[in-house]
Undergrad: 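The structure that follows is given in the form of structure tokens.
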Amino acid sequence: MLKSSSSSILRRQNFLIRTLLGSHYNNQIHIINKPMQKLSAQFGSMTTTTEADSDSILRRITPTLDPSRHKGQAGKVAVIGGCREYTGAPYFAAISALKIGADLSHVFCTKDAAPIIKSYSPELIVHPILEESYSIRDEERRSILSKVLAEVGKWMERFDCIVVGPGLGRDPFLLDCVSEIMKLARRSNVPIVVDGDGLFLVTVNLDLVRGYHLAVLTPNVNEYKRLVQKVIGTEVNDQDAAEELLYLARGIGGTTVLRKGKSDLISDGVTVNVVSIFGSPRRCGGQGDILSGSVAVFSSWARQCISVAESDSSTSRVNPMVLGCIAASALLRKAASMAFQDKKRATLTTDIIEYLGRSLEDISPAS
Ligand SMILES: NC(=O)C1=CN([C@@H]2O[C@H](COP(=O)(O)OP(=O)(O)OC[C@H]3O[C@@H](n4cnc5c(N)ncnc54)[C@H](O)[C@@H]3O)[C@@H](O)[C@H]2O)[C@@H](O)CC1
Ligand SMILES: Nc1ncnc2c1ncn2[C@@H]1O[C@H](COP(=O)(O)OP(=O)(O)OP(=O)(O)O)[C@@H](O)[C@H]1O
Ligand SMILES: [Mg+2]
């Protein structure tokens with residue numbers, strides 16, 4: 001890790017952050033309730049911010065199980081991901097959405113990944129429509145691209161949110177198709193959670209999400225590093241983590257960014273929130289996929305909640321994508337902690353998924 005005192009790059013970054021954000025944005029580092037907790041203890045940040053009151057957010061946005069509601073009203077989400085190498089990631093994201101309470105969960109994946117993902121669960125609606133370069137001829141590209149778009153287009157407006165990237169892979173033709181799917185989602189005002197290889201794509205072409213307030217990026221340590229390099233042009237600076245994230249989110253035009261780590265930091269360029277509830281010391285793969293599926297559901301619920309309470313000006317100022325991130329991060333950590341209590345070193349992502357329901361039940365009981 002670079003030290004700010006020893007790096008001219010970091011000095012430049014600090015200067016940029018302070019100049020561009022100025023005191024105005026420092027004042028808006030947001031505090032969603034709860035006792036003050038200095039981030040400096042963890043990050044050495046010059047910013048004081050607080051732990052988000054995730055329990056009250058979870059209670060506020062989780063819909064009641066009302067018998068008058070019909071299928072679909074609790075959320076319809078889609079995961080765009082799943083290829084030859086990765087079939088677990090899209091499954092984890094899509095099944096987590098259902099376990100939290102969404103009504104329908106789709107997966108749009110490559111043709112060869114589809115039967116495998118279907119075999120994991122009959123609950124998922126799996127569309128075998130994407131193609132990788134190895135399986136097509138050059139002259140077929142254009143017609144396949146339009147077929148993919150027509151197929152996804154039939155569904156797009158029905159979705160409350162799409163998750164782009166878990167287990168997507170990095171095949172160039174596949175990523176071209178997914179870029180077009182993201183543009184379609186934007187035109188249809190469908191929120192987009194970008195994770196995994198979707199972040200690789202977005203880091204190469206930031207315009208896919210720039211200025212889109214219904215997008216959330218959920219980078220892990222490597223994905224965050226690449227984003228910071230691309231947007232800010234520096235190395236990651238953990239000394240001023242909150243300011244850096246604020247600056248990054250503003251650099252992408254107000255897109256929400258959830259930086260995953262020991263504590264999860266969330267910013268939309270206006271506020272910075274932290275979720276640091278104890279989770280699990282196990283770092284098995286797939287936990288980020290649970291998170292992206294969960295953000296899709298909770299941000300959809302937060303949007304519903306805010307649109308119902310639109311007359312209340314204090315609620316309508318709140319960014320539903322930020323609320324969705326706080327709720328998802330907290331729920332995952334609570335579920336991970338329960339799974340670890342039970343399974344200890346043997347804890348795997350599938351074990352954590354099994355605790356999502358109980359974790360939410362403790363905060364927002366079904367009846
Ligand atoms: N079972 C599955 O199908 C899974 C598939 N996954 C998918 O795998 C693809 C690549 O994701 P990655 O997260 O590996 O991509 P990254 O770009 O984060 O990782 C690339 C490399 O960095 C390493 N790395 C990852 N996390 C690290 C950390 N915290 N500190 C230091 N090094 C780290 C990895 O081992 C890998 O060699 C994505 O599409 C992702 O969704 C993952 O979600 C894990 C589970
Ligand atoms: N050091 C840590 N301590 C506690 N929790 C952590 C730590 N690192 C990550 N997490 C939590 O684990 C979850 C997944 O983060 P992680 O960085 O593993 O994502 P990822 O690499 O994208 O995962 P995936 O393997 O699904 O791609 C996040 O919600 C984060 O809060
Ligand atoms: Mg990941």
Side-chain angles (χ1 to χ4, degrees), residues 1 42-43 51-52 54 79-96 100 107 109-110 112-113 116-117 120 130 132 163-171 174-175 178 193-204 216-230 236 238 241 245 257-266 273-296 298 324-340 347-353 355-356 359:
M1 190 67 57
Q42 269 167 336
F43 293 109
E51 182 77 19
S54 52
V79 176
I80 318 291
C83 64
R84 261 201 306 187
E85 285 94 344
Y86 307 121
T87 55
Y91 164 77
F92 294 144
I95 202 75
S96 299
I100 287 167
V107 176
C109 59
T110 63
D112 40 9
I116 299 155
I117 299 171
Y120 296 151
L130 300 175
E132 291 181 77
V163 183
V164 173
L168 190 62
R170 294 184 185 175
D171 178 77
L174 183 73
L175 294 185
V178 173
V193 178
V194 189
D195 186 35
D197 296 312
L199 288 166
F200 173 79
L201 173 63
V202 158
T203 305
V204 173
V216 178
L217 314 184
T218 57
N220 68 13
V221 65
N222 295 320
E223 293 151 354
Y224 185 73
K225 191 172 159 196
R226 291 193 287 262
L227 265 177
V228 167
Q229 282 166 345
K230 178 70 187 274
V236 171
D238 283 329
L245 185 66
V257 183
L258 190 174
R259 177 188 178 182
K260 294 177 286 194
K262 188 164 177 239
S263 291
D264 288 342
L265 275 178
I266 299 146
N273 297 279
V274 61
V275 177
S276 56
I277 299 162
F278 180 72
S280 152
R282 279 283 282 129
R283 301 268 60 82
C284 54
Q287 294 181 65
D289 305 318
I290 301 181
L291 185 75
S292 59
S294 310
V295 171
F298 283 119
C325 288
I326 293 169
S329 168
L331 189 83
L332 167 57
R333 283 166 176 260
K334 287 169 197 271
S337 158
M338 289 176 185
F340 184 74
T347 307
L348 295 180
T349 295
T350 42
D351 301 313
I352 299 173
I353 289 170
Y355 278 99
L356 288 172
S359 168

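Whatever order the structure lists ligands and atoms in, that order sets their numbers, starting from 1. Along the sequence shown, residues are numbered consecutively beginning with 1.
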Undergrad: Looking at side-chain heavy atoms only, is the closest gap between L217 and L227 below 4.5 Å?
TA: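 The answer is yes; the side chains approach within 4.5 Å.
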Undergrad: Starting from atom 27 (O) of ligand 2, locate the nearest protein heavy atom and write down its residue, its atom name and how far away it is, to 0.1 Å.
TA: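 In this structure, atom 27 (O) of ligand 2 has D289 OD1, 4.2 Å as its nearest protein heavy atom.
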Undergrad: Considering R283, Q287, R259 one by one, which has a heavy atom nearer to atom 5 (N) of ligand 2 than any of the others?
TA: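 Comparing heavy atoms across R283, Q287, R259, the nearest one to atom 5 (N) of ligand 2 lies in R283.
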Undergrad: Look at atom 1 (N) of ligand 2 and say which protein heavy atom is nearest, naming residue and atom and giving the distance to 0.1 Å.
TA: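 Residue, atom and distance for the closest contact: K262 CA, 3.7 Å.
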Undergrad: In terms of side-chain heavy atoms, does S337 have a donor or acceptor partner in Y355 at a distance below 3.5 Å?
TA: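 Distance-only check fails for S337 and Y355.
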Undergrad: Could you tell me whether C284 and ligand 2 have an N or O pair separated by under 3.5 Å?
TA: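 The answer is no, given that C284 and ligand 2 share no N or O pair closer than 3.5 Å.
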Undergrad: Hey, is the main chain of G285 close enough, under 3.5 Å, to the side chain of T349 for a donor-acceptor pair?
TA: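 Indeed, once roles are kept as given, a pair shorter than 3.5 Å links the two residues.
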Undergrad: Under 4.0 Å from a heavy atom of R333: give me the atoms of ligand 2 that qualify, with their elements.
TA: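 Those atoms are 5 (N), 30 (C), 31 (O).
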Undergrad: Under 4.0 Å from a heavy atom of L332: give me the atoms of ligand 2 that qualify, with their elements.
TA: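 Going through ligand 2 atom by atom, the ones under 4.0 Å from L332 are 13 (C), 29 (O).
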Undergrad: Atom CG of L291 and atom CG of L258: how far apart are they, to the nearest 0.5 Å?
TA: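 CG of L258 is found 5.5 Å from CG of L291.
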Undergrad: With a 4.0 Å cut-off, strictly under, does atom 13 (O) of ligand 1 pick up any protein heavy atom?
TA: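 Under 4.0 Å from atom 13 (O) of ligand 1, at least one protein heavy atom found.
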Undergrad: Is it the case that ligand 1 has an N or O less than 3.5 angstrom from some N or O of G169?
TA: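 It does not: no N or O of G169 is found under 3.5 Å from an N or O of ligand 1.
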Undergrad: Indicate yes or no for a side-chain donor-acceptor contact from E51 to the backbone of S276 under 3.5 Å, with no hydrogens or angles considered.
TA: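 Yes.
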Undergrad: Closer than 4.0 angstrom, basic N to acidic O: yes or no for D238 and K225?
TA: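 Salt bridge flag = no for K225 with D238.
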Undergrad: Look only at the side chain of K334 and the backbone of S359, and say whether a donor-acceptor pair between them is shorter than 3.5 Å.
TA: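 No; zero donor-acceptor contacts below 3.5 Å.
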Undergrad: Measure across S292 and A93 and return the closest heavy-atom pair with its distance rounded to 0.1 Å.
TA: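 Here S292 and A93 meet closest at OG-CB, 3.9 Å.
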Undergrad: Mark up the atoms of ligand 1 that fall under 4.0 Å of a heavy atom belonging to R226, in ascending order.
TA: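 Contacts of ligand 1 toward R226, numbered from 1: 17 (O).
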Undergrad: If I compare all heavy atoms of S96 with all of I353, which pair ends up nearest, and what's the gap?
TA: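 Closest approach of S96 to I353, heavy atoms only: OG-CG1, 3.7 Å.
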Undergrad: What protein heavy atom sits nearest atom 24 (P) of ligand 2, and how far off is it?
TA: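 Ranked first by proximity to atom 24 (P) of ligand 2 is G286 N, 3.4 Å.
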Undergrad: Counting only heavy atoms on the protein side, is anything nearer than 4.0 Å to atom 26 (N) of ligand 1?
TA: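 There is a protein heavy atom less than 4.0 Å from atom 26 (N) of ligand 1.
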Undergrad: Does any N or O in the side chain of D197 come within less than 3.5 Å of the main-chain N or O of F200, such that one atom is a donor and the other an acceptor?
TA: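 No: the side chain of D197 does not pair with the backbone of F200.
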Undergrad: Using a 3.5 Å distance criterion without hydrogens, assess whether the side chain of K260 forms a donor-acceptor pair with backbone atoms of V221.
TA: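 The answer is no, because no donor-acceptor pair under 3.5 Å joins these two groups.
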Undergrad: For R170, counting its heavy atoms only, list the atoms of ligand 1 lying under 4.0 Å from any of them.
TA: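 Those atoms are 17 (O).
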Undergrad: Is it the side chain (CB and beyond), the backbone, both or neither of K260 that lies under 4.0 Å from ligand 2, heavy atoms counted?
TA: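 The answer is the side chain.
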Undergrad: R333 side chain to F278 main-chain N or O, any donor-acceptor pair under 3.5 Å?
TA: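 Here the side-chain-to-backbone pair does not exist.
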Undergrad: Under 4.0 angstrom from ligand 1, any heavy atom of E85?
TA: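 No.
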Undergrad: Should you measure from each heavy atom of L168, which atoms of ligand 1 turn up under 4.0 Å away?
TA: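 Listed by number with element: 39 (O).
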Undergrad: Could you tell me which atoms of ligand 1, counted from 1 in the order shown, lie closer than 4.0 angstrom to a heavy atom of P166?
TA: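 Result: 41 (O).
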Undergrad: Mark whether atom 18 (O) of ligand 2 lies under 4.0 angstrom from at least one protein heavy atom.
TA: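 Answer no: nothing from the protein, no heavy atom, is under 4.0 Å.
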Undergrad: Mind checking whether G288 has a heavy atom under 4.0 Å from ligand 1?
TA: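 It does not, in that no heavy atom of G288 comes within the 4.0 Å cut-off of ligand 1.
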Undergrad: Of all the non-hydrogen atoms in the protein, which one sits nearest to atom 21 (O) of ligand 2, and at what distance?
TA: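 Nearest protein contact, heavy atoms only, for atom 21 (O) of ligand 2 is N220 ND2, 2.9 Å.
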Undergrad: Checking the N or O distance criterion of under 3.5 Å, is ligand 2 in contact with V221?
TA: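 Looking only at distances, the answer is no, because the N/O contact criterion of under 3.5 Å is not met.
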Undergrad: For atom 36 (C) of ligand 1, what is the nearest protein heavy atom, given as residue, atom name and distance?
TA: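 Nearest neighbour among protein heavy atoms for atom 36 (C) of ligand 1, to 0.1 Å: N222 ND2, 4.9 Å.
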Undergrad: Would a distance-only check, ignoring hydrogens and angles, find a side-chain to backbone donor-acceptor pair under 3.5 Å from S294 to L331?
TA: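 Here the side-chain-to-backbone pair does not exist.
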Undergrad: Can you list the ligand 1 atoms lying under 4.0 Å from a non-hydrogen atom of V221?
TA: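 Those atoms are 27 (C), 28 (C), 29 (N), 30 (N).
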Undergrad: Over all heavy atoms of both residues, which pair between L199 and P219 is shortest? Give the atoms and the distance, please.
TA: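 Nearest heavy atoms, L199 then P219: CD1-CA, 3.5 Å.
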Undergrad: Among P166, G261, G279, which residue places a heavy atom closest to atom 6 (C) of ligand 2?
TA: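 Nearest heavy atom to atom 6 (C) of ligand 2 lies in G261.
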Undergrad: Check for a donor-acceptor pair, side chain of Q287 on one end and backbone N or O of R282 on the other, with a separation under 3.5 Å.
TA: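 Looks like yes, one N/O pair under 3.5 Å.
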Undergrad: Number the atoms of ligand 1 from 1 as they appear, then name those within less than 4.0 Å of a heavy atom of G165, with their elements.
TA: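 Checking each atom against G165, I get 39 (O).
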Undergrad: Quick check on contacts: which atoms of ligand 2 are under 4.0 angstrom from a heavy atom of G285?
TA: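 What qualifies from ligand 2 is 25 (O).
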Undergrad: Give me the residue, atom name and distance of the protein heavy atom closest to atom 23 (O) of ligand 2.
TA: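 Result for atom 23 (O) of ligand 2: G288 N, 3.2 Å.
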Undergrad: Heavy atoms only, cut-off 4.0 Å: how does D264 contact ligand 2, side chain, backbone, both, or neither?
TA: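 Under 4.0 Å from ligand 2, D264 contributes side-chain atoms alone.
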Undergrad: So is S329 polar-close to ligand 2, meaning N/O to N/O under 3.5 Å?
TA: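 Not met; the criterion fails.
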Undergrad: Can you report which non-hydrogen protein atom sits closest to atom 38 (C) of ligand 1, along with the distance?
TA: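 The closest one turns out to be D197 OD2, 3.3 Å.
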Undergrad: Of the protein's non-hydrogen atoms, which lies at the shortest distance from atom 43 (O) of ligand 1, and what is that distance?
TA: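 Here the nearest protein heavy atom works out to D289 OD2, 2.7 Å.
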Undergrad: Quick check on contacts: which atoms of ligand 1 are under 4.0 angstrom from a heavy atom of N220?
TA: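 Checking each atom against N220, I get 13 (O), 18 (O).
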Undergrad: Is it true that a side-chain atom of N220 and a backbone atom of E223 form a donor plus acceptor pair closer than 3.5 Å?
TA: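 Yes.
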